[in-house]
Amino acid sequence: MIYLLIFIICFGASIIGAVCGIGGGVIIKPALDAFGIMSVSAISFLSGCTVLSMTSYNVLRSKLSGKTSFNPATGLPLSLGAALGGIIGKQIFQIIKAASADPDRVGAIQAACLLAVTLGTLIYTINKSKIKTLSVRNTAACVLIGFFLGFMSSFLGIGGGPINLVVLFYFFSMDTKSAAENSLYIIFFSQLASLIFSLVTHTVPEFAVGILVLMVIGGITGGMAGRQLNKKLTSEQVDKLFITLMIVLIMINIYNVIKFT
């Protein structure tokens, strides 16, 4: 029953993640935290692996199809910064974990940060038509922005999340669908760097291999379904789905903050 629940969460989260460009981890992490199925560290690691599998599929399909809105001039510096941020974010997570005698405290910090990010994202999304956006092209600025996104992604164990879209909306004046695709590239590089760091430093938490396989399958199949659904939805429909998701996530994270504290 637990395995079925985990698969459903990962599959559904990856569908929505592929459509909205948020990776799915922003749903998987708080949902599994709420059910208390595994340790905070294991959930963070497995959530990142699931998101990496989903984004790997979508990035590969995007490149093979030749139909992409990914702009290398800004996308590559963003991805490089995201990879560096992913490594630093994982290091900070390990430091806080080692310094805390209570593992729930780490979960509370992650839940509180994710709640703040999600609430800020919802407010911005609702009011984005009134906000004047920028068109950043400076390479160094792109690297710094990517670093911030990668750091948040890795530290929170969400693989990207809604903050990616807000940053891409504001700093690069992207529409919803372009932001979603570029967000998946950023998530891919940050999670790949985070995974390599965990393997090299031998900080992979204990977990059942069967759960990892199940979550990865859910991530890939959900990514496939989400990619097809994305083609059928308008930017306005994606926005509505995104706003609904933010409201649900805010409620889940409020629950998690109370639970862990």
Side-chain angles (χ1 to χ4, degrees), residues 3-35 37-38 42-62 82 86 89 110-111 114 117-118 121-122 149-150 152-166 168 176-177 179-192 194-195 207 211-231 233 238-239 241-250 252-253 256:
Y3 277 62
L4 178 60
L5 174 64
I6 291 173
F7 177 79
I8 290 173
I9 290 174
C10 292
F11 179 73
S14 296
I15 290 177
I16 298 173
V19 171
C20 297
I22 58 174
V26 70
I27 305 170
I28 297 170
K29 176 68 169 66
L32 293 182
D33 277 342
F35 283 107
I37 297 173
M38 294 171 280
I43 291 173
S44 293
F45 179 80
L46 292 173
S47 174
C49 289
T50 306
V51 170
L52 178 60
S53 66
M54 184 276 282
T55 53
S56 296
Y57 168 78
N58 278 278
V59 167
L60 180 61
R61 286 286 299 173
S62 177
Q110 287 181 314
L114 188 52
V117 167
T118 307
T121 299
L122 176 62
L149 293 177
M152 294 296 292
S153 164
S154 183
F155 174 73
L156 296 178
I158 58 174
I163 191 172
N164 283 20
L165 296 187
V166 168
L168 293 174
T176 302
K177 285 201 167 186
E181 182 176 350
N182 281 270
S183 174
L184 292 180
Y185 274 85
I186 294 170
I187 293 168
F188 169 76
F189 284 104
S190 66
Q191 288 307 302
L192 180 60
S194 177
L195 174 61
F207 58 86
I211 292 180
L212 172 62
V213 173
L214 193 67
M215 291 177 71
V216 168
I217 292 173
I220 294 174
T221 54
M224 294 169 66
R227 180 177 174 82
Q228 294 303 313
L229 182 60
N230 181 268
K231 295 177 182 178
L233 297 178
V238 173
D239 277 341
L241 175 63
F242 184 66
I243 289 172
T244 301
L245 175 63
M246 291 303 96
I247 294 172
V248 173
L249 288 176
I250 286 170
I252 293 176
N253 281 298
N256 283 338

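Residue Ser154 comes nearest to Gly89 through the heavy atom pair OG-C, 3.8 Å, listed as atom of the first residue, atom of the second, then distance. When all heavy atoms of Ser14 and Met54 are compared, the closest pair comes out as CB-CG, 3.9 Å. Closest approach of Leu184 and Gly17 over heavy atoms only: CD2-O, 4.2 Å.
Between atom CD1 of residue Ile16 and atom CD1 of residue Ile27 there is a gap of 4.0 Å, rounded to the nearest 0.5 Å. Remark: Leu214 CG to Thr50 OG1 distance equals 9.0 Å, nearest 0.5 Å. Rounded to the nearest 0.5 angstrom, Asn164 CG and Cys20 SG are separated by 12.5 Å. Rounding to the nearest 0.5 angstrom, the gap separating the CZ atom in Phe11 from the CE atom in Met224 is 9.5 Å. Atom NZ of Lys29 is separated from atom CG of Leu46 by 11.0 Å, given to the nearest 0.5 angstrom. One distance of note links CG of Leu241 with CE of Met246; it measures 9.0 Å at 0.5 Å rounding.
Put simply, the side chain of Thr121 reaches to within 4.5 Å of the side chain of Phe242, judged on heavy atoms. Counting heavy atoms from C-beta outward, Pro30 and Leu114 have side chains that approach closer than 4.5 Å. Looking only at side-chain heavy atoms (C-beta outward), Ile43 and Gln110 stay at 4.5 Å or farther from each other.
For the pair Thr221 (side chain) and Ile217 (backbone), a donor-acceptor distance under 3.5 Å is present. Put simply, the side chain of Gln191 never gets that close to the backbone of Cys49: no donor and acceptor are under 3.5 Å apart. A donor-acceptor pair is defined here as one N or O able to donate and one able to accept, closer than 3.5 Å; no such pair exists between the side chain of Ser194 and the backbone of Ser190. Formation of a donor-acceptor pair under 3.5 Å by the Thr55 side chain with backbone atoms of Val51 is found in this model.
Side-chain contact check for Glu181 and Ser62: at least one donor-acceptor pair (N or O, by modelled atom type) lies under 3.5 Å.
Looking at Leu52, Leu60, Asn58, Val59 one by one, the single match for side chain to side chain contact (heavy atoms under 4.5 Å, CB included) with Ser56 turns out to be Leu52.
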Problem - Worked check of side-chain contact (heavy atoms from CB on, under 4.5 Å) between Leu168 and Ile186 - result: CA-CA 11 Å; Leu168 293 174; Ile186 294 170; 4.2 Å; yes

